[in-house]
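Small disclaimer: the values here were computed from a predicted structure and weren't measured. For the single chain, residues carry numbers from 1 onward in sequence order.
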Amino acid sequence: MNNAGKFVFRPTAQSSRPVNAIRPIKEYLDEQSLILDRLEKVISSEYQALKGKNMDDLKTYSELKSDLMLKLQSNDQRIKLHPEVDKLKTEYLTDTTIIKNKLLKCKFRNEVNGKLIVFNMQSNNRLNAALMNARDARTRNMTYSGKGYASARGPSRLSVQA
């Protein structure tokens, strides 16, 4: 039979562990710790981008944070449903404490970044309002939105008579 030009499915090599097999709980805890380490690095990079006003990189950091948070959440669900979940309070108490502290640190740093974003937005709005005020000082076409942002509306900005 000629298979030229046709897509043929070939079996792939199977791993020694089935796809849905339950791993030891320690592996999930180690994975959580690694994810949080990566998340902390992304949040630090995001902070540097915000501080340096490098807004082009923020979308990338936001996507990376979302991806890592989904992995963290998924892994957390696996841990909650793990048959050895009771060992988290005894045998793995040190590991869980370290993971919780890393999570708190990430949350705090992310809140700092959020405040920096708000500060940058407010700063940009003030600058925008000041520039519009300077531009429209003669024509008095300034209006304000429901949120208090200044905008210039109305007829031509120049009053020229022939």
Side-chain angles (χ1 to χ4, degrees), residues 7-133 135 142-153:
F7 184 79
V8 179
F9 288 99
R10 293 197 174 106
T12 58
Q14 294 291 327
S15 66
S16 60
R17 186 183 306 187
V19 176
N20 292 328
I22 297 174
R23 300 180 302 182
I25 198 163
K26 176 71 171 146
E27 286 184 27
Y28 293 114
L29 293 173
D30 291 343
E31 190 174 340
Q32 287 293 77
S33 185
L34 289 173
I35 292 169
L36 286 167
D37 289 341
R38 282 187 270 163
L39 183 61
E40 186 179 355
K41 288 178 184 175
V42 170
I43 292 171
S44 290
S45 298
E46 180 185 51
Y47 176 79
Q48 293 302 321
L50 286 166
K51 202 168 114 179
K53 300 196 185 303
N54 188 1
M55 302 304 158
D56 295 336
D57 294 338
L58 290 180
K59 182 180 179 193
T60 304
Y61 295 134
S62 178
E63 290 170 356
L64 285 170
K65 278 193 332 185
S66 291
D67 183 47
L68 290 170
M69 289 303 295
L70 286 173
K71 288 179 183 178
L72 197 65
Q73 206 170 22
S74 173
N75 209 31
D76 188 56
Q77 287 301 314
R78 288 186 192 110
I79 291 170
K80 284 181 183 177
L81 299 172
H82 199 280
E84 298 177 338
V85 73
D86 294 336
K87 290 184 177 180
L88 293 178
K89 295 178 182 175
T90 57
E91 188 176 333
Y92 299 110
L93 183 61
T94 304
D95 293 317
T96 55
T97 302
I98 290 170
I99 289 169
K100 286 178 182 178
N101 287 336
K102 284 183 180 184
L103 182 61
L104 287 173
K105 185 176 181 181
C106 286
K107 282 182 179 181
F108 175 77
R109 295 183 84 179
N110 196 51
E111 287 174 9
V112 169
N113 286 1
K115 289 177 183 177
L116 190 54
I117 289 170
V118 169
F119 176 75
N120 281 336
M121 289 171 53
Q122 290 171 342
S123 178
N124 285 339
N125 289 336
R126 283 192 300 272
L127 177 62
N128 188 28
L131 291 172
M132 282 191 282
N133 191 24
R135 178 188 70 190
M142 293 292 290
T143 60
Y144 294 90
S145 70
K147 293 187 177 187
Y149 300 125
S151 63
R153 297 220 165 87

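Under a cutoff of 6.0 Å and an axis angle of 45°, R109 and Y47 do not form a cation-pi pair.
Side-chain contact between D56 and N54 is present, with at least one heavy-atom pair separated by less than 4.5 Å. Looking only at side-chain heavy atoms (C-beta outward), K107 and L103 come within less than 4.5 Å of each other. Side-chain contact check for D30 versus L34: every heavy-atom pair is 4.5 Å or farther apart.
Remark: D37 does not engage K41 in a salt bridge, criterion side-chain N to carboxylate O under 4.0 Å. Using a 4.0 Å cut-off between charged side-chain N and carboxylate O, K102 and E40 make no salt bridge.
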Decide side chain to side chain donor-acceptor pair (under 3.5 Å) for N110 and N113; before the verdict, give the C-alpha distance in whole Å, the side-chain angles of both, and the deciding distance to 0.1 Å. CA-CA 5 Å; N110 196 51; N113 286 1; 4.8 Å; no

I'd like to know whether N120 forms a side chain to side chain contact (heavy atoms under 4.5 Å, CB included) with M55, so could you lay out the CA-CA distance, the side-chain angles of the two residues, the decisive distance to 0.1 Å, and finally the verdict. CA-CA 11 Å; N120 281 336; M55 302 304 158; 3.8 Å; yes

Under the side chain to side chain contact (heavy atoms under 4.5 Å, CB included) rule, what do V112 and L116 come out as? Steps first, then yes or no, please. CA-CA 6 Å; V112 169; L116 190 54; 5.6 Å; no

Test side chain to side chain contact (heavy atoms under 4.5 Å, CB included) on L88 and L29; report intermediate values, then the result. CA-CA 9 Å; L88 293 178; L29 293 173; 3.8 Å; yes

Check the pair L81 / V85 against side chain to side chain contact (heavy atoms under 4.5 Å, CB included), numbers first and verdict last. CA-CA 7 Å; L81 299 172; V85 73; over 6 Å; no

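The closest donor-acceptor contact from the side chain of H82 to the backbone of R23 lies under 3.5 Å. Put simply, the side chain of T97 gets close to the backbone of L93: a donor and an acceptor are under 3.5 Å apart.
Other residues, nucleotides and ligands contribute more than 12 heavy atoms inside 6.0 Å of the CD atom of Q77.
From E63, atom CD reaches atom CG of L58 across 11.5 Å, with rounding to the nearest 0.5 Å. Atom CG of L72 and atom SG of C106 lie 8.5 Å apart (nearest 0.5 Å). Remark: K87 NZ to K26 NZ distance equals 12.5 Å, nearest 0.5 Å. The CD atom of Q122 lies 12.5 Å from the CD1 atom of I117; values are rounded to the nearest 0.5 Å. Atom-to-atom distance recorded for L64:CG and I43:CD1 is 11.0 Å, nearest 0.5 angstrom. The CG atom of D57 lies 12.5 Å from the OG atom of S62; values are rounded to the nearest 0.5 Å.
In terms of heavy atoms, Y28 sits closest to A21 at OH-O, 4.2 Å. Residues F119 and R126 approach most closely at CE1-NH2, 4.3 Å, considering heavy atoms.
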